[in-house]
Amino acid sequence: MNAMPATPLLPDLARCHALDRPFAPAVLDGDALWSWAELDRRATSIGAALTSRGLGPGDSIGLVIGGTALGIAALHGVPRAGVDVVLVHPRLSRPEIAALLEVAGCRALIVDPSTGIAASPGIERINLGEVIDAGTRALPPAPETTAAAETTAKTTGKTTGKTTEFIVPTSGTTAHPKLARLPLDRLAASAAAWNAVLPEATGWLLSLGLAHVAGLGIVSRAAAAGVPIVVLPDLDAGALLATVDAAAGHGIIASHLSLVATQLAGLLDALADAPPPDGIRAVILGGGPIPDGLVRRAIRARWPVIPSYGMTETASGVVAEVLADRPGADRAAAVGDRAGTVGRPLPGVELRLDGGDIQVRGPMVFAGYLDDPAATAAAITADGWLRTGDLGRLDADGGLTIDGRSDGLIVSGGENISPAEVEAALATHPGVREVAVVGVPDPTWSHVPVAILVMEPGANPSDDELIAHAR
């Protein structure tokens, strides 16, 4: 089921493109345009820097990056040292980062300087910018890692040595996140499945953060297709539209992007429901509940939206309503006929319902939770089916409709929020006796968490005080 994909893995792809067409564009970040050869050189310097510090197979490294060219280089380069990569969200607090690194057994933290994150005491902090600068001045010999075997990867589509993993925290129903293990072959399988159904890409917009599996998926798909990634200075609608225009001035058409519902609504508002900029061919919509009215609105405005369904444990989307090859009027009719569905399984994905519970199986399904066999056994059946924790139903054509969560998780603006985590924070306030957190519908974020509190006798903290304490 989890066989090696027929294409090179992420750490090898920049090397392959650098050999085939070194001067083709790979990353555009503002006015900085990197070719595949330049991206490969930076990735190689990152891997060599880690190896020179004695880091390699068997080690875990924390990685905190923003949506920057440096962050993209890190995703290509850190696995070249053979280490496992723990993605650290830049919005985590310092205690949360320290706890995550401890649980994951990280020896070091690689930091994109744009995030401003500091390492915990006892953890080596490696400045990503300084590592790349040093490497471009005097690049040491490339280490013998999976990425060094470019000839094997180029000719056979396979790499040698250990397949490293990305480890991605994912909120659950407990106060502590679970750490999902995504070996490189899972990411490759996901990218291959998506690229098989999407229209041909000329460039991907980095429209989601790199600490999420959705951002990781953008990097994987672009690398597998050999097309550039265009970095956004900000994720709001105005910056996105301006960046698409600026990229065209550099000769790059950002044809593909992934959005959560809130982002798409903001874009339609900014454009007063006008069609998208020229060249946009696919807009994957996911990360949480997708309002039917929003999809119809986008289709009427001739946006090539593709509703989808997936999660961290499936290395991005595994179900999608791909109608990108139809004219606008036909797409509007098709979506109207299939209102509410997120589509059918991607190539290689199996889907079934067990009493309404959605289960999926395929080569992109994760390898379990780090050092948590009980949680892994609860999530994956003996024959490899992932219990997603979502409820759904299938229509006569096999289209999947999502009916909600079975575990109380709140999905707000594409972010997973654990009610137990918020409850644990509020419960430490001296004036709080009991607390429960629930999700309520919200027109902007789909759902938002709301806390219901019982106070200690005589205590009367204000909402602002409680919010500040929780923060």
Side-chain angles (χ1 to χ4, degrees), residues 10 27 29 46 60-79 83-101 103-104 106 108-120 123 125-129 164-172 176-182 184 186-187 190 204-223 229 231-235 257-260 262-263 286-288 310-317 366 369-370 411-418 421:
L10 182 61
V27 180
D29 189 350
I46 293 170
S60 293
I61 306 298
L63 178 63
V64 55
I65 50 178
T68 63
L70 287 180
I72 295 169
L75 294 179
H76 282 272
V78 174
V83 300
D84 292 333
V85 186
V86 181
L87 295 186
V88 179
H89 200 297
R91 288 213 304 260
L92 292 180
S93 68
R94 192 165 183 176
E96 287 174 321
I97 292 175
L100 173 59
L101 297 180
V103 169
C106 292
L109 179 66
I110 304 173
V111 178
D112 181 339
S114 71
T115 65
I117 297 297
S120 307
I123 296 289
R125 183 184 189 275
I126 302 173
N127 185 303
L128 185 59
T164 62
E165 300 177 342
F166 280 93
I167 298 170
V168 186
T170 175
S171 292
H176 300 289
K178 293 176 286 189
L179 305 181
R181 296 169 48 222
L182 292 175
L184 295 174
R186 271 52 163 195
L187 297 175
S190 175
W204 274 90
L205 201 66
L206 189 58
S207 45
L208 294 168
L210 293 179
H212 289 288
V213 74
L216 191 56
I218 290 172
V219 174
S220 297
R221 291 176 215 137
I229 292 178
V231 172
L232 285 171
D234 201 303
L235 296 182
L257 59 156
S258 292
L259 301 174
V260 298
T262 306
Q263 289 174 297
M311 60 191 62
T312 300
E313 289 88 344
T314 58
S316 191
F366 80 138
Y369 297 110
L370 182 68
V411 182
S412 180
E415 296 277 3
N416 290 344
I417 298 174
S418 164
E421 184 176 3

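- Here the closest non-hydrogen pair linking Ala315 and Ser190 is O-OG, 3.0 Å.
- Across Phe366 and Leu182, no two heavy atoms sit closer than the pair CB-CD2, 3.6 Å.
- In this structure, Leu63 CG and Asp84 CG are separated by 12.5 Å, a value rounded to the nearest 0.5 Å.
- Residues Leu216 and Leu187 form a side-chain contact, since some pair of their non-hydrogen atoms from C-beta on lies under 4.5 Å apart.
- Here the shortest heavy-atom pairing between Leu10 and Ala223 reads CD1-CB, 4.0 Å.
- One finds the CZ atom of Arg181 at 15.0 Å from the OG1 atom of Thr312 (value rounded to the nearest 0.5 Å).
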Residue pair Ile110, Ile61: steps toward the side chain to side chain contact (heavy atoms under 4.5 Å, CB included) verdict: CA-CA 7 Å; Ile110 304 173; Ile61 306 298; 3.5 Å; yes
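- Applying the side chain to side chain contact (heavy atoms under 4.5 Å, CB included) rule to Ala214 yields the partners Leu208; only residues at least two apart in sequence or on another chain are considered.
- Shown here are the side-chain hydrogen bond (donor to acceptor under 3.5 Å, both in side chains) partners of Arg125, two or more places apart in sequence or in another chain: there are none.
- In this structure Ser316 satisfies the side-chain hydrogen bond (donor to acceptor under 3.5 Å, both in side chains) test together with Arg221, sequence neighbours excluded.
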Criterion side chain to side chain contact (heavy atoms under 4.5 Å, CB included) on Leu206 and Ile218, from CA distance to verdict: CA-CA 7 Å; Leu206 189 58; Ile218 290 172; 4.2 Å; yes
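- No side-chain heavy atom of Leu259 sits under 4.5 Å from any side-chain heavy atom of Leu235.
- With rounding to the nearest 0.5 angstrom, the CD atom of Glu165 is 11.0 Å from the CG atom of Leu179.
- Atom-to-atom distance recorded for Leu210:CG and Thr68:OG1 is 7.0 Å, nearest 0.5 angstrom.
- Of the possible donor and acceptor atoms, none in the side chain of Asp29 sits under 3.5 Å from a partner among the backbone N and O of Val231.
- Taking Ser207 as the reference, nothing meets the side-chain hydrogen bond (donor to acceptor under 3.5 Å, both in side chains) condition, with sequence neighbours excluded.
- Residues Leu70 and Gly129 share a closest heavy-atom pair of CD1-CA, 4.1 Å.
- Side chains of Phe166 and Val213 form no contact here, defined as non-hydrogen atoms less than 4.5 Å apart.
- Contact of the Ile46 side chain with the Leu128 side chain is registered, since non-hydrogen atoms from C-beta on lie closer than 4.5 Å.
- The minimum heavy-atom distance linking Cys106 with Val86 is given by the pair SG-CG2, 3.7 Å.
- Smallest separation of non-hydrogen atoms from Pro90 and Ala211: CD-CB, 4.0 Å.
- In this structure, Thr314 contributes its side chain and Gly317 its backbone to no donor-acceptor pair below 3.5 Å.
- Evaluation of the side chain to side chain contact (heavy atoms under 4.5 Å, CB included) rule for Val88 yields Val64, Leu92, Ile97, Leu100, Leu101, Leu109 as partners, not counting sequence neighbours.
- Interatomic distance, OG1 of Thr170 versus NE2 of His212, reported as 10.5 Å (0.5 Å rounding).
- Looking at residues two or more places apart in sequence or on another chain, you find a side chain to side chain contact (heavy atoms under 4.5 Å, CB included) between Ala98 and Ser120.
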